[in-house]
Structures are given as structure tokens and as C-alpha cells.
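Quick note: residue numbers are just sequence positions, from 1. The figures here come from the full heavy-atom set of this structure, side chains too, leaving out hydrogens, waters and symmetry mates. Just so you know, ligand 1 is whichever comes first in the structure, and atom 1 is the first atom listed for that ligand.
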Amino acid sequence: MDKPIGIFDSGVGGLTVAREVFNLLPHEDVVYFGDVGRYPYGGRSSEIITRFATQDVALLLEHDVKYVICACNTVSAVALDDLRDSYSIPMIGVIHPGAEAAVKATRNGRIGVIGTNATIGSNAYARSIHERNAELKVFSLACPLFVPLAEEGYVDKEATYLIARDYLQTMLDVEIDTLILGCTHYPLLKHVIADVMGPEITLIDSGEETARAAYKTITESGLLHSRAGQHPSPSSEHKYFVSDVPEKFSQVATRFLGRIVDRITRVDISTY
Ligand code: DGL
């Protein structure tokens, strides 16, 4: 189907998911919306997060997207059911793919989950894991400082290692063998988290798992763009929309994706 895929997030973090989608589905057009004007969502109430996310999807629908990827863990954790009630478009969030991968990966039955305050408070990962296997033990921890550290490029600083050691000691104490990175920004700190947790712990990147699940659905449901079958495949188009000035988004996006991100359009999300 020759329509774009829509991806949205509270800000720039969802580009870690978009990056995987670009790799797996290079022939697809993508419309990305980052709600930078109202970011962060992670400390907000469910009502506000749901209201914001409903507007974010409305914006994507205006661009006639065929499929919506909710890249934000916070929205996926607290608002996805409401979004599915409001809109009939096929939609995927990051919680179930991340939970599924963790259930497959654990050997000792002890899984850790880290995320924003809203994601952890919702218990969505634990519920999703227990739907798959009620015997598993889930240990959840909010690590809110990881978001600004990743966004500011503090990915290799001693301060980040100190904070990571402080946060993650409780995960080491409870002897998990699998840790879900339940936030868009955490994959950028993966090497720090891996260093602190040690080589025995499997890290699950929910964004990566979601991109794989989206690839599967799009391929199997006849939603692929017709240029997917053409050789050589004509280039696809990626468009970015943000709800405030695009300069910071452009800088951080360029760092997240490792290439220049331009063609960013500012929109007034309050009108949706
Ligand atoms: N995108 C959010 C998430 O994955 C992190 C940033 C925020 O708090 O808005 O939970």
C-alpha cells in the first residue's frame, strides 16, 4: 500500500525506533512526529498522556498514514488501549514486543524493567510478561535521569556511569538475568547499562523488537509499499514534524540517526 508509515513519540527519542524501521523497511515512506513542545511525557498523568497521544495520532492520520508505530514507551504503557478505541488504523506499541522478547530470553525467570515514572507506575510491562508466563518474577525501576543524559549526549561520561551504578544496583541485587530497556532513550546508553550489569545479563531493546514486529505485520498484511518489489528500489521519503522550534530536534536527531536530519516542519499540535 503506497502510503507512509506514521511514527510518533513525545520527542526525539522515538528516532531510536525509527532508525530500526528505516533499516528493516528502507523502501517505506515515513512520517515522524515528535511532540518536543510538550516533552517529556514520562512524569505526567495518564489523562494528559492520553490526551496528548490522541492529538499526535490525529496529526499522523492527516498525513494519510497506513500504520501507526507508537515509539514512546510511556504512551504505549498508559494510552494504547484508548488510542485503539479512538482510531481504527492498525497500531503497534513497544510494550508487548519488548515483553515477548524478554520472556523468550530469560533462563532464570527473573526479568528487570527500567523506564520512566509513568511507564513503571503503569505496571504495563509486568502485566504483559505475566500474560505470557505468570510464573516469571518482574522487578521494575524508574530511571528518569537517563532521558536527559541521553538527550544531552552524556553517553560516555563518568557522571552517567555513576548514576547508572546507583540506579542499577537494585537490579543486580535481585539477580535478574534479563533487563528490558523500556524507554526510547535507553538504547543510547546501552553500553553504559551493559557495562554496569555485566555480560551475563541480556538487554532487551523494546524499540528494536517493535520495529521487527512492525516489519512482520506490514509484510504479512499486504501493507508493503509497491516499490519494495522493484530493483533497484526508488528512494523513499522521510518527513519530520515537531510541535516547537526544530533546531534542537535537528541537532539531537542528527546525533541519534548518525546523519543530517532536515525537512523538519513545525506544527501547532493544539489544533488537532
Ligand atoms: N519517549 C519517552 C518513553 O519512551 C521518554 C521521554 C519522555 O519522558 O517523554 O517513555
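- Looking at Asp56 and Arg38, a side-chain N of the basic residue comes within less than 4.0 Å of a carboxylate O on the acidic one, giving a salt bridge.
- One finds a salt bridge joining Arg266 and Asp244 here, because a Lys/Arg side-chain nitrogen approaches an Asp/Glu carboxylate oxygen to under 4.0 Å.
- Checking only distances, His185 never comes within under 3.5 Å of ligand 1, N or O to N or O.
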#### Entry: ring-ring contact (aromatic ring centres under 6.0 Å, His included) between His63 and Phe241, worked out
CA-CA 11 Å; His63 292 275; Phe241 295 86; 4.4 Å; yes
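- Taking a cut-off of under 4.0 Å to the non-hydrogen atoms of Gly42, the atoms of ligand 1 that pass are 7 (C), 8 (O), 9 (O).
- Using a 4.0 Å heavy-atom cutoff, Cys72 is listed among the residues neighbouring ligand 1.
- Between Gly182 and ligand 1, a contact under 3.5 Å exists for no N or O pair.
- Protein heavy atom in closest approach to atom 10 (O) of ligand 1: Thr74 OG1, 2.6 Å.
- Within the structure, ligand 1 has Cys183 among the residues with a heavy atom less than 4.0 angstrom away.
- Heavy atoms of Val75 found under 4.0 angstrom from ligand 1: none, in either backbone or side chain.
- Taking hydrophobic clusters as Ile, Leu, Val, Met, Phe, Trp and Tyr residues chained together by side-chain heavy-atom distances below 4.5 Å, Met197 shares a cluster with Val155.
- Taking every non-hydrogen atom of Thr184 and a distance limit under 4.0 Å, the qualifying atoms of ligand 1 come out as 1 (N), 2 (C), 3 (C), 4 (O), 5 (C).
- In summary, the atoms of ligand 1 found under 4.0 Å from a heavy atom of Tyr41, numbered by their order in the structure, are 7 (C), 8 (O), 9 (O).
- The part of Ser10 lying near ligand 1 is the side chain, judged by heavy-atom distances below 4.0 Å.
- Salt bridge annotation for Glu152-Lys248: present, with a cationic side-chain nitrogen under 4.0 angstrom from a carboxylate oxygen.
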### Thr119 and Ser122: CA distance, side-chain angles, deciding distance, side-chain hydrogen bond (donor to acceptor under 3.5 Å, both in side chains) verdict
CA-CA 5 Å; Thr119 298; Ser122 74; 5.8 Å; no
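- Under the 4.5 Å side-chain heavy-atom criterion for grouping Ile, Leu, Val, Met, Phe, Trp and Tyr, Val94 is not connected to Leu83 through any hydrophobic cluster.
- Close N/O approach between Asp9 and ligand 1 is found [any backbone or side-chain N/O within under 3.5 Å].
- Taking every non-hydrogen atom of Tyr39 and a distance limit under 4.0 Å, the qualifying atoms of ligand 1 come out as 6 (C), 9 (O).
- Counting heavy atoms under 4.0 Å from ligand 1, residue Asn73 touches it through both backbone and side chain.
- No salt bridge links Glu28 with Arg227; every basic N to acidic carboxylate O contact stays at or beyond 4.0 Å.
- Using a 4.5 Å heavy-atom cutoff, the side chains of Ile5 and Asp29 are not in contact.
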